[in-house]
Amino acid sequence: MSDFKSFKLLPSVLNEIQKKGYIKPTTIQAKSIPALMQGYDLLGIAQTGTGKTASFSLPIIDRLARVQNKLTAFQVRALILAPTRELATQIHKNICSYSKGSKVNSAIVIGGLRKENQIEELKDGMDIIVATPGRLMDLMSGGHIRFDELEVFVLDEADMMLDFGFLEDVKTISARLPEDRQTIFFSATMPRQIEELAKKLLIEPVKVQSAPQSTTIEKIDQLVYFVEENDKMLLLLSLLEDESIERVLIFCKAKYGVLNVVEALEQNGISHGEIHSNRTQTQRDQAIADFSAGEIRVLVATDIAARGIDILDISHVINFNLPDDATCYVHRIGRTARAGKDGVAISLCGERDLALLRNVQKKIKKVIPTVLDHPFHKEFPPLKVKKKKVGSSASFRERKRPSQAKKRAKKKFLENL
Ligand code: AMP
């Protein structure tokens with residue numbers, strides 16, 4: 001399958017794809033769309049940036065446009081569940097543009113927006129809703145969402161649901177859905193709990209996988225700067241003097257980290273936006289829109305707020321701190337080098353980051369080249385490998401049960417005492 005026409009999507013849907021300028025389906029689309037058009041469940045292992053949103057949205061819009069059900073109050077036909085408001089907003093935007101030529105309507109159900117407006121929007125029923133778990137559960141408990149006519153359920157970024165502690169909510173929500181439905185499950189990684197969840201939610205799914213993430217990472221020029229924690233800000237500002245850093249996403253571990261960086265950028269007249277939990281949804285959306293439009297050069301973010309955002313032309317990602325989780329590093333740097341372009345990922349590594357850097361390098365199976373030629377370079381002593389404590393809980397768990405021979409020997413020994 002090498003072109004969209006072969007999927008036999010409705011002309012109205014095909015037309016919108018053409019308007020968006022998509023010429024060829026991405027790998028994940030070529031594998032998913034035919035299976036979904038036939039009504040199969042789908043298990044997709046793919047990251048943002050692979051075209052996965054269109055891979056599930058197009059068949060859903062096609063399906064709903066073909067048979068126009070009359071809905072009563074608060075009924076929905078397709079539910080797309082995403083872990084963050086940003087991701088939900090992005091999915092909803094895509095759906096709005098793909099469904100322009102059809103009568104399929106959609107709404108967003110996320111926190112940070114007025115609940116009353118969302119309820120009003122749903123009062124005559126809605127074909128598609130894109131939701132985050134918290135607000136969805138809130139509306140469900142008030143009787144403002146009904147799933148008795150639900151045909152399709154999409155769980156997007158399932159592994160992030162786990163990381164953000166939404167797994168129980170996802171289970172509660174899926175337990176309320178009709179058994180007879182099509183289920184689409186996307187996750188970037190497959191930890192055990194997510195695999196178990198997929199087994200429960202899907203019936204004989206078609207399995208699809210995008211090219212392994214490493215091929216994307218190969219296009220990213222990764223660099224590490226060793227620096228004292230106190231010098232990180234000065235190093236960051238000196239890096240930003242380089243005008244080839246056109247559009248940069250800076251990651252900090254927590255919101256106070258973002259606030260410190262933002263203050264320094266402000267003092268130095270560098271145009272910037274910020275996304276973290278202290279900002280309202282409108283402020284976050286505005287920052288992402290300004291950054292996408294190139295009106296600001298720097299976007300400073302926490303992992304949670306930035307997860308899943310898809311902005312083309314990010315030339316650089318800077319990790320002000322390394323993340324606690326090595327998978328998160330891969331997600332962060334994957335914000336650059338999108339759509340076949342190159343990108344640079346710079347990590348500022350203080351003494352506290354050393355162990356995290358070691359985990360990252362293990363994960364990506366590569367030693368990240370160090371930049372030595374900068375005024376803040378700091379040599380750190382090599383990391384000490386911790387020895388296991390005798391009798392620690394880890395060694396206790398690892399003890400094997402004694403063999404029968406050993407038990408007999410012990411009994412004999414005790415008898416001889
Ligand atoms: P996603 O992985 O769904 O976040 O999509 C990543 C980006 O790829 C989005 O900006 C989409 O608009 C774009 N995209 C999706 N499918 C295609 C395609 N077949 N050709 C070109 N761009 C696409």
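Because the structure is a prediction, the values reported are computed rather than measured.
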R146/D148 ion pair, N-O < 4.0 Å | yes
Salt-bridge present (K93, D285; N to O < 4.0 Å) = no
Could you check if a side-chain atom of D41 sits within less than 4.5 angstrom of a side-chain atom of Q182, using non-hydrogen atoms only?
-> yes
Looking only at non-hydrogen atoms, find the nearest pair between I250 and V298 and report the distance.
-> CD1-CG1, 3.5 Å
Looking only at heavy atoms, which two atoms of P34 and Q29 are closest? And how far apart?
-> CD-O, 3.9 Å
Take Q286 and D290 through the test side-chain hydrogen bond (donor to acceptor under 3.5 Å, both in side chains) and record every step on the way to the result.
-> CA-CA 6 Å; Q286 189 60 50; D290 290 347; 2.9 Å; yes
Does L139 reach the side chain of I119, with side-chain heavy atoms less than 4.5 Å apart?
-> yes
Can you find a heavy atom in the side chain of E157 that is under 4.5 Å from one in the side chain of K52?
-> yes
Do the non-hydrogen side-chain atoms of R176 and I145 ever get within less than 4.5 Å of each other?
-> no
Would a 4.5 Å heavy-atom cut-off, applied to side chains only, mark I91 and F56 as touching?
-> yes
Ring geometry between F164 and F166 (parallel below 30°, tilted from 30 to 60°, perpendicular above 60°) = perpendicular
Residues K115 and D138 bridged, charged N to O under 4.0 Å | yes
Go through the steps to decide whether H272 and E274 satisfy the test side-chain hydrogen bond (donor to acceptor under 3.5 Å, both in side chains), and finish with yes or no.
-> CA-CA 7 Å; H272 63 274; E274 56 193 291; 5.0 Å; no
For the pair I333 and N319, evaluate side chain to side chain contact (heavy atoms under 4.5 Å, CB included) and give the outcome as yes or no after the intermediate values.
-> CA-CA 9 Å; I333 69 167; N319 295 313; 4.2 Å; yes
Any idea which heavy atoms bring I45 and M190 closest together, and the distance?
-> CD1-CG, 3.7 Å
Check whether any side-chain N or O of N359 sits under 3.5 Å from a backbone N or O of A326 as a donor-acceptor pair, and report yes or no.
-> no
Flag side-chain contact, heavy atom, 4.5 Å: P323 against R332 | yes
Result for side chain to side chain contact (heavy atoms under 4.5 Å, CB included) between V248 and one of I314, I318, V344, T336 points to I318
Hey, are E196 and R192 close enough for a salt bridge, meaning a charged N less than 4.0 Å from a carboxylate O?
-> yes
Is there a side-chain contact between L201 and F153 (heavy atoms, below 4.5 Å)?
-> yes
Do the non-hydrogen side-chain atoms of D325 and D303 ever get within less than 4.5 Å of each other?
-> no
F226 and H377 aromatic ring geometry - parallel, tilted or perpendicular at 30°/60° bounds = perpendicular
